[in-house]
Amino acid sequence: GEPLLIEEQLRGPEASLFAFTDGVGVAFSPPAADHKRLKDEHEGGVRLAPAAAAANPNTGGMGAVCPAPFVAPAEQAEMEHLMAKTIAALRAEGAPYRGVLYGGFMLDADRARADPGRVAVLEFNCRLGDPEAQVVLPHMARRLDLYELFEACATDPGADKPPFKPNPNPNGGGDDAYHTACVVLASEGYPSSSAPPRAIALHAPALPVPRNLNANGGGGDMGGAVVYAGVQANVGGQELSTNGGRVLACVGAARSLRGALACAYMTAQRVRFDERQFRGDIGVAALLNAEGGERPLRVAVLASNRAQSVRQILLGIRDGAPGLERMEVALVAANREAAPVLAWAQGEGFPTAQLPRRIKGAAPPPAGELAGHEEELHRALAQRDVDVVLLVGFDTILSADLCSRWAGCILNVHPALLPEANAISGGAGAGAFDLKVHQAVLKGAAVSSGCTVHMVTAEPDAGPILLRKEVPVLEADTPEALKHRVQAAETLCLSDALRRYRDADFRGLAESPFLMPQ
């Protein structure tokens with residue numbers, strides 16, 4: 001005689017959507033994806049076997065991405081339709097709703113096979129979602145004035161209000177592409193117990209927070225920012241300290257999802273407190289479940305000479321060598337007319353471009369614009385829809401604006417171990433090139449050298465390290481001999497770096513040492 005409740009089992013990724021309404025008009029956010037489990041669920045781009053709930057508990061959210069790439073247009077349209085119907089039904093029942101309506105949805109594969117575009121409603125909430133808001137609001141702010149949107153929600157209804165039509169949040173391609181991601185840093189013991197306050201250190205160089213990730217052109221909207229949550233000020237003599245489970249969110253924004261994830265983890269590198277917890281696989285599931293399938297990682301190489309260390313990699317990408325699958329060579333470019341790498345790349349059938357060099361003594365461009373040689377470089381990369389750029393012996397320092405436009409998307413290989421090389425007298429560290437680096441290593445009597453692949457930021461050779469490989473210095477070494485062995489290490493290092501970038505394996509960025517004095 002007892003009632004029996006039978007629930008439908010749903011399988012598939014979750015997505016959320018915000019509806020902003022005055023009770024009549026509605027504006028929708030792009031779809032976002034949250035990450036509920038405390039610990040990683042993927043390693044090396046592969047899903048791990050599910051852990052017991054006690055070993056990997058649910059949380060309030062350990063990170064998010066926007067837009068969620070696995071949401072197909074038909075599914076997003078259905079999500080918007082269901083939320084608009086709900087708002088209309090509330091109005092029809094005499095209980096008009098104003099504000100933000102949060103919709104949580106499951107994209108169940110069985111439902112989709114039977115009825116393409118069909119989604120399951122998990123929940124509605126009368127608030128912004130956390131941590132989805134940290135990625136959704138910066139994304140929307142690039143298209144419209146959030147104050148005007150919130151004001152429209154709070155004033156008399158009217159479907160003709162500009163914020164409510166048309167949908168102000170398309171995500172185009174090329175220069176119009178925009179992605180946001182966040183990584184939550186949590187305190188020890190979370191979510192089962194609280195922890196005592198821990199001092200929070202925000203490390204130099206200053207976090208790149210251009211216009212709060214909201215730009216009106218000029219590419220100055222890419223980078224990273226910190227959103228505080230469980231943080232308190234001026235307690236126990238500490239300027240900032242932890243005060244809760246989820247302490248803060250490190251937000252990244254870039255022209256691609258991988259770039260945004262890299263920026264988020266690069267931001268996390270600058271924020272330290274003892275026993276911090278964070279996931280290293282934010283966004284991986286979104287990439288694996290991407291609507292239409294994950295596309296190959298499009299790789300570009302920028303060089304000034306031979307780029308010997310990358311040639312074997314490019315051939316491996318073309319031939320589908322183990323470890324280099326799901327990649328393709330989009331461009332090989334050089335800024336010297338006689339650069340041997342161009343003739344080699346053309347002979348191998350790779351797309352190439354001859355780039356102009358910086359004009360010495362030229363007046364700097366207006367704020368938010370690129371100099372002529374960088375404008376051509378930017379255009380060449382954008383036209384070929386490049387995902388990641390490798391600087392291999394590229395002898396020109398990139399401007400802060402170009403670094404911002406391609407934030408999280410440029411890797412440099414430095415022919416020495418950083419940060420140790422920065423302490424070697426004679427110029428083995430920041431900004432040094434070619435044989436000068438190896439000469440400085442030998443002059444400094446270092447017992448080891450090697451190579452470092454790091455993210456490119458506005459400060460030369462100061463971006464977070466993705467990985468390094470060590471090479472011993474031999475007693476009989478000449479600069480040329482050391483260079484030869486380091487180049488062999490560079491090939492291995494760059495191959496591994498590309499795999500990590502393809503798989504969005506960015507935990508190492510957040511844990512890497514600092515390359516600038518603190």
Side-chain angles (χ1 to χ4, degrees), residues 5-37 58-68 70-112 115 117-140 144 146 149-155 157-159 161 163-165 167-169 180 182 184 191 229 246 249 286 289:
L5 176 64
I6 300 177
E7 295 185 339
E8 180 182 7
Q9 184 179 30
L10 301 175
R11 299 181 180 88
E14 292 184 40
S16 55
L17 197 72
F18 297 173
F20 299 81
T21 181
D22 62 359
V24 176
V26 185
F28 295 103
S29 73
D34 187 10
H35 297 68
K36 289 296 186 185
R37 295 290 180 181
N58 267 332
T59 69
M62 295 300 291
V65 300
C66 178
F70 53 80
V71 178
E75 291 168 331
Q76 182 172 345
E78 177 67 4
M79 292 160 68
E80 293 178 357
H81 173 67
L82 291 170
M83 297 190 78
K85 281 182 61 177
T86 301
I87 292 168
L90 288 169
R91 184 174 68 251
E93 292 182 3
Y97 179 79
R98 289 186 184 183
V100 181
L101 184 66
Y102 170 103
F105 300 88
M106 176 75 83
L107 279 58
D108 182 74
D110 293 336
R111 285 175 174 239
D115 184 4
R118 188 181 176 203
V119 300
V121 178
L122 296 181
E123 60 176 336
F124 285 130
N125 286 312
C126 301
R127 57 169 173 76
L128 293 167
D130 174 16
E132 293 97 329
Q134 289 90 309
V135 293
V136 166
L137 295 183
H139 200 289
M140 296 186 71
L144 50 73
L146 289 178
L149 177 62
F150 294 143
E151 184 182 45
C153 291
T155 55
K161 292 179 185 177
F164 293 143
K165 68 179 207 180
N167 186 340
N169 298 291
T180 49
C182 80
V184 170
R246 288 187 297 164
N289 293 322

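What you are looking at is a predicted structure, and each value in this text was computed from that prediction instead of being measured.
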Using every non-hydrogen atom in the two residues, find where V135 and C182 come nearest and quote the distance to one decimal.
CG1-N, 3.5 Å
Might you point out which heavy atoms bring V65 and A286 nearest each other, and give the distance in Å?
CG2-CB, 4.1 Å
Are L122 and E14 close enough that some pair of their side-chain heavy atoms sits under 4.5 Å apart?
yes
For E123, enumerate each residue passing the salt bridge (charged side-chain N to carboxylate O under 4.0 Å, His left out) test, keeping only those at least two apart in sequence or located in another chain.
none
Only distances under 3.5 Å count here; give the side-chain donor-acceptor pairs of residues 90-103 to other protein atoms, sequence neighbours excluded, each with its distance to 0.1 Å.
| from | atom 1 | to | atom 2 | distance (Å) |
| --- | --- | --- | --- | --- |
| R91 | NH1 | G23 | O | 2.6 |
| Y97 | OH | V100 | O | 2.5 |
| R98 | NE | D22 | O | 3.4 |
| R98 | NH1 | A154 | O | 3.2 |
| Y102 | OH | E132 | OE2 | 2.9 |

How long is the straight-line distance from OG1 of T21 back to CD1 of I87, given to the nearest 0.5 Å?
4.5 Å
L149 CG to L137 CG distance, which is reported to the nearest 0.5 Å:
9.0 Å
So, the side chain of R246 versus the backbone of A229: is there a donor-acceptor pair under 3.5 Å, distance only?
no
Minimum heavy-atom separation for M62 and R37, please, with both atom names.
CG-O, 3.4 Å
Applying side-chain contact (heavy atoms from CB on, under 4.5 Å), run through T59 and V184 and close with a yes or a no.
CA-CA 11 Å; T59 69; V184 170; over 6 Å; no
How would you list, by chain and number, every residue that makes a side-chain hydrogen bond (donor to acceptor under 3.5 Å, both in side chains) with E7, sequence neighbours excluded?
none
Evaluate the side-chain proximity of M140 to F20: yes if any heavy-atom separation is below 4.5 Å, no if none is.
yes
Please lay out, stage by stage, how L17 and E80 fare under the test side-chain contact (heavy atoms from CB on, under 4.5 Å).
CA-CA 8 Å; L17 197 72; E80 293 178 357; 3.6 Å; yes
Rounded to the nearest 0.5 Å, what separates atom CG in N289 from atom CG in L107?
9.5 Å
Taking every heavy atom of F70 against every heavy atom of E75, the minimum-distance pair comes out as O-OE1, 3.6 Å
With heavy-atom distances below 4.5 Å as the criterion, would you say the side chains of H139 and P67 are in contact?
yes
What are the two closest heavy atoms between G61 and D34, and how far apart are they?
CA-OD1, 3.6 Å
For side-chain contact (heavy atoms from CB on, under 4.5 Å), just list the numbers for F105 and L82, CA-CA rounded to whole Å, side-chain angles, deciding distance to a tenth of an Å, and then say yes or no.
CA-CA 10 Å; F105 300 88; L82 291 170; 4.0 Å; yes
Using the rule given for side-chain contact (heavy atoms from CB on, under 4.5 Å), can you reason through V121 versus T86, listing the C-alpha separation, both sets of side-chain angles and the distance that settles it, and then say yes or no?
CA-CA 11 Å; V121 178; T86 301; over 6 Å; no
Heavy-atom pair with the smallest gap, counting every atom of M79 and A15:
CE-CB, 4.1 Å
